[in-house]
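Okay, so here's the structure we're looking at.
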Amino acid sequence: MKRSAAEVVREYGPFPGVDNVHGVTYDGRRVWFGAGDKLIAFDPASGKTLRAIDVPAHAGTAFDGRHLYQIAENRIQKIDPDTGRVLATIPAPGGGGDSGLAWAEGTLWVGQYRERKIHQVDPETGAILRTIESNRFVTGVTWTDGELWHGTWEGDESDLRRVDPRTGQVLEKLEMPTGVHVSGLESDGGDRFYCGGGNSGKVRAVRRPR
């Protein structure tokens with residue numbers, strides 16, 4: 001396993017009125033994050049807040065190319081980013097103990113925090129298609145270039161892990177500085193991860209190793 005220190009290249013926030021950053025996603029232009037009672041989008045170049053959608057946003061956030069998905073307590077909501085309307089709802093696999101959320105291969109990938117699992121879920125029905133075990137509390141989940149990464153947060157320590165999507169074996173680990181926590185996780189498809197900073201109210205950009 002490769003192990004290295006995470007390189008934090010930029011911090012965004014804290015944002016006005018935001019106590020906690022939950023899920024994080026990227027739509028190709030804007031970074032979105034769940035802030036409890038709303039979804040907030042900002043420009044990663046300027047850091048400027050662009051808009052907010054009033055919708056429960058308690059954990060992971062994902063984007064499928066057209067729609068946002070947001071965990072709200074024990075369900076996952078599909079949201080039109082232009083209108084803010086909730087288009088569909090499916091049950092979340094963890095029944096309220098869910099954490100990260102990602103879109104890949106036409107399916108949703110859902111972290112289950114204390115259960116230390118990642119579920120691949122049918123986005124139409126919520127049916128669990130497969131489950132990957134972790135040995136740490138799972139927070140954010142993201143796919144990039146065919147690689148599955150997830151965040152961990154246990155005690156005062158967090159890291160980003162690349163895992164084998166078949167076996168769950170940890171292949172690479174980026175260790176965050178002590179006291180710097182990861183709640184949500186998203187890749188920009190290039191050399192950056194966007195990491196929710198939990199109760200710091202911040203989002204951090206971490207360099208993705210090549």
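The first residue in the sequence is number 1, and the count goes up from there. All values below were derived from every heavy atom in this structure, side-chain atoms included, with hydrogens, water molecules and symmetry-related copies excluded.
Partners of Asp43 by side chain to side chain donor-acceptor pair (under 3.5 Å), not counting sequence neighbours, listed by chain and number: Ser46. Every residue was checked against the side chain to side chain donor-acceptor pair (under 3.5 Å) condition with Asp191, not counting sequence neighbours, and none meets it.
Under a 4.5 Å side-chain heavy-atom cut-off, the cluster of Ile, Leu, Val, Met, Phe, Trp and Tyr residues that includes Val8 is completed by Trp149, Leu160, Leu174, Met176, Val180, Val182, Leu185, Phe193, Val206.
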### Task
Check the pair Asn135 / Arg161 against side chain to side chain contact (heavy atoms under 4.5 Å, CB included), numbers first and verdict last.
CA-CA 11 Å; Asn135 62 359; Arg161 300 179 166 207; 2.9 Å; yes

### Query
Yes or no on side chain to side chain contact (heavy atoms under 4.5 Å, CB included) for Leu101 and Ile76, after CA distance, side-chain angles and deciding distance?
CA-CA 9 Å; Leu101 190 62; Ile76 300 170; 4.2 Å; yes

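Tracing side-chain contacts under 4.5 Å through hydrophobic residues (I, L, V, M, F, W, Y), one reaches Val31 starting from Val18; they form part of the same cluster.
For the residue pair Asp98 / His119, no side-chain donor-acceptor distance below 3.5 Å is found, with atom types taken as modelled. Of the N and O atoms on the side chains of Thr25 and Thr61, not one donor lies less than 3.5 Å from an acceptor on the other residue. When only modelled atom types and interatomic distance are considered, Asp159 and Thr152 share a side-chain donor-acceptor pair under 3.5 Å.
Between Arg208 and Asp145 a salt bridge is recorded (basic side-chain N to carboxylate O distance below 4.0 Å). Ion pairing between a basic and an acidic side chain is recognised when a charged N comes within 4.0 Å of a carboxylate O; Arg116 and Glu133 show no such pairing. For Arg66 and Asp64, the salt-bridge test fails: no basic side-chain N is under 4.0 Å from an acidic carboxylate O.
Side-chain contact between Lys38 and Ile53 is absent, with no heavy atoms from C-beta onward closer than 4.5 Å.
Here CE of Met1 is found 9.5 Å from CD of Gln169. Values are rounded to the nearest 0.5 Å. Put simply, CG on Asp37 and CG on Asp54 are 7.0 Å apart, with the number rounded to the nearest 0.5 Å. Rounding to the nearest 0.5 angstrom, the gap separating the CD atom in Glu172 from the CZ atom in Arg162 is 4.5 Å. One finds the OG1 atom of Thr139 at 12.5 Å from the NE2 atom of His22 (value rounded to the nearest 0.5 Å).
Judged purely by atom type and a 3.5 angstrom limit, Gln120 has no side-chain atom pairing as donor or acceptor with the backbone of Thr131.
Aromatic rings from Tyr194 and Phe33 are positioned such that their centres are separated by 6.0 Å or more.
Within the structure, ring-ring contact (aromatic ring centres under 6.0 Å, His included) contacts touching residues 79-99 (residues at least two apart or in different chains) do not occur. Applying the ring-ring contact (aromatic ring centres under 6.0 Å, His included) test to every pair with at least one member in residues 70-115, sequence neighbours left out, gives these pairs: Tyr69-Trp103, Trp109-Trp143, Tyr113-Phe137. Applying the side-chain hydrogen bond (donor to acceptor under 3.5 Å, both in side chains) test to residues at least two apart or on different chains, the pairs with a partner in residues 5-16 are Glu7-Arg207, Glu11-Lys202, Glu11-Arg204.
Crowding of Arg85 atom CZ: a count of heavy atoms from other residues, nucleotides or ligands under 6.0 Å not exceeding 12.
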